[in-house]
Every structure is written in structure tokens, then in C-alpha cells.
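Each remark here refers to the structure printed beneath this line.
What you are looking at is a predicted structure, and each value in this text was computed from that prediction instead of being measured.
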Amino acid sequence: VYREIHRIFETYLVDVFDEIATQDKRVLFSSQKITHEDALRAASPADLQRLVIEERKAELTRAGFAGIEKTFESIGLPIVPMLEPPPRAEQESIRRRLVLLSAIRNLIEHNRSVVNRGFMELVPDSGYALGDRVEVTVTELGDALSAVEWTADGIDRRAIKKFRLGGTQA
């Protein structure tokens with residue numbers, strides 16, 4: 001279940017990026033290059049934009065939380081903004097829970113739930129020691145769900161406003 005929460009959240013973020021990039025191609029500007037072959041295969045400028053979007057989406061799925069967070073920061077839509085309510089301490093707690101969600105998901109997927117050095121570097125204050133087996137508790141599951149829910153709601157509201165997306169605010 002914990003892995004699925006992460007997968008759903010990551011998919012949501014990539015889909016939001018896709019919607020924004022489709023609306024405003026400026027978010028695709030980067031130092032990355034495409035080949036002449038890729039450019040010539042595109043039947044239209046819209047096809048070329050779609051190609052770039054698909055490449056960026058693929059990169060995001062491999063970038064981990066830090067890479068996705070950096071991408072959203074670069075387009076002026078931080079995943080966890082530190083300026084709007086709730087108080088900053090709560091926002092830092094939400095960001096920490098999202099980092100923990102990503103780090104634990106990586107352990108589950110790639111290290112049989114055993115804490116490694118990479119995990120310790122990402123979340124040194126997790127309470128786990130090197131070699132421990134992570135067992136997700138109901139509380140951790142709830143923390144992850146509430147962090148994802150708060151974050152998604154905030155990103156939706158801010159993305160609709162900033163990029164004039166076609167959604168409606170509740």
C-alpha cells in the first residue's frame with residue numbers, strides 16, 4: 001500500500017507537469033538537446049512539443065523526489081511551498097514525510113526494505129539504523145496519505161491559478 005501511495009503521487013506530479021507543459025511550453029526550456037532525427041520525425045510543432053514533454057516525463061519518473069522537487073521549483077510551483085499556511089514548521093514536516101515516503105519506497109523496491117547508506121543520507125533522523133528492516137506502521141501510512149493529500153490539493157490550486165489550467169477549484 002505504501003509503495004502504491006508513492007506511485008500514485010509520483011504519477012500525479014508527472015501528469016500535472018504534462019498538463020502545465022502542454023499549456024505553457026516555456027516550462028520545457030532547458031539546456032538539453034534533441035537530435036536532428038527526433039526533430040525531423042515530428043510532423044508539426046505540436047508533435048515536437050509532445051516529444052519533448054514525453055522525454056521530460058520519462059526523466060521525472062527516474063529523478064526521484066529530489067529531481068521532481070527541483071523541476072517543480074524551477075517552474076515556480078514548489079511541491080511544498082514555505083510561504084503559505086500552514087505554519088512553516090508544519091510545511092517542513094510535510095516535506096519530510098514526502099522525502100521519507102520516497103526513501104522508504106526505494107528501500108522496499110530496491111533493497112528488500114533494508115536500510116542502506118543512501119536512505120540514511122536522505123533521512124538521517126528517521127529512527128532507523130543501517131541494516132534495519134523498515135516496517136511501515138499504520139501511523140506512517142497515515143502520515144504519507146495526509147502529506148500527499150495536502151500537497152496535491154495545494155499544487156492543484158496553485159497550478160490552476162498560475163498556469164490557467166482547465167480545472168475548477170472546490
Original post:
Would R117 and E121 count as a salt bridge (Lys or Arg N to Asp or Glu O under 4.0 Å) if you check the C-alpha gap in whole Å, the side-chain angles of each, and the deciding distance to 0.1 Å?
Top reply: CA-CA 6 Å; R117 290 193 197 302; E121 289 172 9; over 6 Å; no
If I compare all heavy atoms of [X] with all of [Y], which pair ends up nearest, and what's the gap?
X	Y	value
F72	L13	CZ-O, 3.2 Å
V114	N111	O-ND2, 2.6 Å
K162	G76	NZ-O, 3.4 Å
I68	A63	N-CB, 4.1 Å
H6	S102	CD2-CA, 3.5 Å
V16	A159	CG1-CB, 4.5 Å

[X] side, atom [atom1]; [Y] side, atom [atom2] - distance, nearest 0.5 Å:
X	Y	atom1	atom2	value
M120	L130	CE	CG	6.5 Å
S113	L107	OG	CG	7.0 Å
L122	N116	CG	CG	9.0 Å
L141	I5	CG	CD1	4.0 Å
L165	R157	CG	CZ	14.0 Å

Going by heavy atoms in the side chains, are [X] and [Y] under 4.5 Å from each other?
X	Y	result
R158	P81	yes
I75	F29	no
T61	K57	no
V27	F163	yes
L101	D143	no
P78	E69	no
F119	N106	no
F65	I79	yes

**OP:** Show your working on side chain to side chain contact (heavy atoms under 4.5 Å, CB included) between S44 and Q49 and close with a plain yes or no.
**Re:** CA-CA 9 Å; S44 68; Q49 182 177 353; over 6 Å; no
Without hydrogens or angle criteria, can the side chains of [X] and [Y] be said to hold a donor-acceptor pair below 3.5 Å?
X	Y	answer
E55	Q32	no
D18	T22	yes
R95	T151	no
R56	S30	no

Treating [X] as the side-chain partner and [Y] as the backbone partner, does any N or O pair qualify as donor plus acceptor under 3.5 Å?
X	Y	value
D132	A129	yes
R164	I160	no
D24	R26	yes
E140	T137	yes
Y12	A152	yes

State plainly whether one hydrophobic cluster holds both [X] and [Y], where clusters connect Ile, Leu, Val, Met, Phe, Trp and Tyr through side-chain heavy atoms under 4.5 angstrom apart.
X	Y	answer
I104	V1	yes
I8	I94	no
V138	V148	no
M82	I155	yes

**OP:** Would you mind checking if R41 and E37 are paired as a salt bridge, meaning a charged N to carboxylate O distance below 4.0 Å?
**Re:**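 Salt bridge present between E37 and R41.
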Subject >> Lys/Arg-Asp/Glu bridge criterion (N-O < 4.0 Å) met for E73, K70 >> reply: no
Original post:
Please walk me through it: do E10 and R7 pass salt bridge (Lys or Arg N to Asp or Glu O under 4.0 Å)?
Top reply: CA-CA 5 Å; E10 182 180 81; R7 184 192 59 76; over 6 Å; no
**OP:** May I have the step-by-step check of side chain to side chain contact (heavy atoms under 4.5 Å, CB included) for E59 and T71, ending in yes or no?
**Re:** CA-CA 10 Å; E59 292 167 13; T71 297; over 6 Å; no
**OP:** Taking atom CD of E92 as the centre, report whether more than 12 heavy atoms of other residues, nucleotides or ligands fall under 6.0 Å from it.
**Re:** yes
**OP:** Quick one: do D156 and K161 satisfy salt bridge (Lys or Arg N to Asp or Glu O under 4.0 Å)? Show the steps, please.
**Re:** CA-CA 9 Å; D156 278 347; K161 182 176 179 182; over 6 Å; no
**OP:** Show the numbers, then the answer: is there a side chain to side chain contact (heavy atoms under 4.5 Å, CB included) between L48 and L51?
**Re:** CA-CA 5 Å; L48 186 56; L51 170 76; 4.1 Å; yes
